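Notes follow once the structure below has been shown.
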Amino acid sequence: MTESRTHTLFSFGTLRDERVQTALFGGAVPTSPASLAGYTTRPLKITDPAVIAASGLDVHLILERRLGASVEGAVLHLTDQELAAADAYEVDDYTRRRVVLSSGATTWAYLDAKPLRPAERIVVVGDSIAYGRCDPRGGWAGHLAAAHIAGNEAERRLFNLAVPGSTLADVAEQTPALLAARRPDTLLVAAGINDSAVPATRTEAEADADSDPGSDPDSASDGSADLARLAGRLDTLAATALGHNARLVVAGPSWLDEDRTRDYEGLCFTRARALALRAFVRAWCEANHIDFLDLWEPLRERTELLVDGLHPTAEGHRALYEHLDALGR
């Protein structure tokens, strides 16, 4: 029985070449013309000998965002095995993500593996750390905005719409109404630590034992429902981003000093719950082909970079930005 061609993949470069298709798939695959709005291309130097041998080229193209532009290409219809072969063919500079074609159909495409590098218009949503609390320069997002806009002041934008105190539920509910006017191509979500908090009236043992983030602290739970709620909020944000043809990027929680956050304004933040949140969000991103930026390490054991055990100092925000910049740009 012939394997079903259940996957569609937008190609704007060498994967349209019949020689490349023969080398990868054993022959030509069904294709149809397509275009991708909101993108342009730039050259990418290739050094992998196998890729150069298959394509005959040492310079390929890679997508980057450009408001009002479009890229012409073709949609390839692939089996599971053929999609895996395409993944193996693409060098580490590329990663497979969902995009929206000019027709409105969703499909796979290979994008820049560094998710903020090709961005033009970025919207940041999240909590007080994303907002930049305790840093008059706007925190890590302020540093990101300055660096991003400096690359092309006429075209690039960064809108920081983070609200202190926000949970993922708040962000998922409020974000859809914020995007249309700002026309983002990248949605950077930096929230979740508030979902991990429990009332400070609980004992330390209770707070550590309940390491499932997103739970309702006033009700009993088996944990799976709590994680399902978090997943549902992330699913909503993914759908919101895709609905605007924007790339979703999720930043994980940063390290906290739980010696100072056992009773923070009536809430208890623990590393056990923050680490459970980090692991869950990372796993969700991997399963859904969403970019995850891990912000845990820059502040690890550096208590002097935290004002109150939770919020970074100005220097702490600088450390978070430098780490995020290395991962994402």
Side-chain angles (χ1 to χ4, degrees), residues 95 114-116 124-131 133 139-141 144 162 164-172 187-198 204 207-217 221 223-238 248-262 264 267-303 305-306 308-312 316-317 319-328:
T95 191
K114 291 204 168 187
L116 303 180
V124 176
V125 291
D127 52 27
S128 58
I129 298 175
Y131 172 81
R133 185 175 171 185
W140 62 256
L144 176 61
S166 291
T167 63
L168 271 175
D170 298 326
V171 172
L187 177 62
L188 175 52
V189 175
I193 194 63
N194 290 320
D195 299 80
S196 75
V198 295
E204 292 187 11
D208 284 336
D210 181 10
S211 59
D212 290 311
S215 62
D216 179 352
S221 171
S224 60
D226 305 331
L227 296 180
R229 278 192 288 270
L230 276 187
R233 291 154 190 166
L234 290 167
D235 289 341
T236 297
L237 287 164
L248 178 61
V249 182
V250 181
S254 53
W255 185 84
L256 57 86
D257 179 8
E258 67 181 1
D259 290 339
R260 290 188 282 165
T261 59
R262 287 287 180 178
Y264 181 87
L267 294 174
C268 175
F269 295 85
T270 70
R271 279 200 290 272
R273 288 179 62 83
L275 284 168
L277 171 70
R278 177 194 186 204
F280 173 78
V281 173
R282 185 203 298 273
W284 181 90
C285 288
E286 290 177 355
N288 290 277
H289 292 267
I290 300 293
D291 299 282
F292 176 73
L293 300 179
D294 189 0
L295 299 186
W296 188 261
E297 293 301 326
L299 305 184
R300 181 194 283 270
E301 305 298 340
R302 301 175 71 184
T303 58
L305 296 183
L306 293 169
D308 49 19
L310 185 64
H311 296 95
H317 275 289
L320 286 176
Y321 160 69
E322 291 175 351
H323 184 76
L324 183 147
D325 187 59
L327 290 176

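Just so it is clear, the structure is predicted and the values come from calculations on it, not from any experiment. Basis for what follows: all heavy atoms, side chains included, without hydrogens, waters or symmetry-related copies. Nothing fancy with the numbering, it's 1 onward along the sequence.
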Around atom CZ of Phe269, are there more than 12 heavy atoms of other residues, nucleotides or ligands at under 6.0 Å?
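Result for CZ/Phe269: enclosed.
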Any chance you could lay out the side-chain contact (heavy atoms from CB on, under 4.5 Å) test for Leu168 and Leu237, step after step, and finish with the verdict?
CA-CA 9 Å; Leu168 271 175; Leu237 287 164; 4.1 Å; yes
Nearest-0.5 Å distance, [atom1] of residue [X] to [atom2] of residue [Y]:
X	Y	atom1	atom2	answer
Ile290	Leu248	CD1	CG	4.5 Å
Asp259	Thr270	CG	OG1	12.0 Å
Leu324	Leu116	CG	CG	6.0 Å
Ser196	Leu256	OG	CG	7.5 Å
Ile193	Leu310	CD1	CG	6.5 Å
Asp257	Glu301	CG	CD	8.5 Å

Any non-hydrogen side-chain atom of [X] less than 4.5 Å from a side-chain atom of [Y]?
X	Y	result
Leu293	Pro115	yes
Asp170	Asn194	no
His323	Trp296	no
Trp140	Val124	yes

Taking all atoms of both residues into account, what is the closest heavy-atom pair of [X] and [Y], and its distance?
X	Y	result
Ala130	Ala141	O-CB, 3.6 Å
Ser254	Ile129	OG-CD1, 4.0 Å
Val171	Ala191	CG2-CB, 4.0 Å
Thr236	Ala172	CG2-O, 4.0 Å
Pro298	Ala319	CB-O, 3.9 Å
Gly316	Leu299	O-CD2, 3.8 Å

Is [X] reaching over with its side chain to a backbone N or O of [Y], donor-acceptor style, under 3.5 angstrom?
X	Y	answer
Arg133	Ser128	no
Asn288	Trp284	yes
Lys114	Asp325	no

[X] with [Y]: basic N within carboxylate O range, under 4.0 Å:
X	Y	result
Arg260	Asp308	no
Arg262	Glu258	yes
Arg233	Asp195	yes

Side-chain donor-acceptor pair present, His311, Tyr264, cut-off under 3.5 Å:
yes
Are Phe292 and Asp294 close enough, and set up right, to give a side-chain contact (heavy atoms from CB on, under 4.5 Å), and what steps lead you there?
CA-CA 6 Å; Phe292 176 73; Asp294 189 0; 3.6 Å; yes
Would you please test Thr303 and Trp255 for side-chain contact (heavy atoms from CB on, under 4.5 Å) and show each step?
CA-CA 9 Å; Thr303 58; Trp255 185 84; 3.8 Å; yes
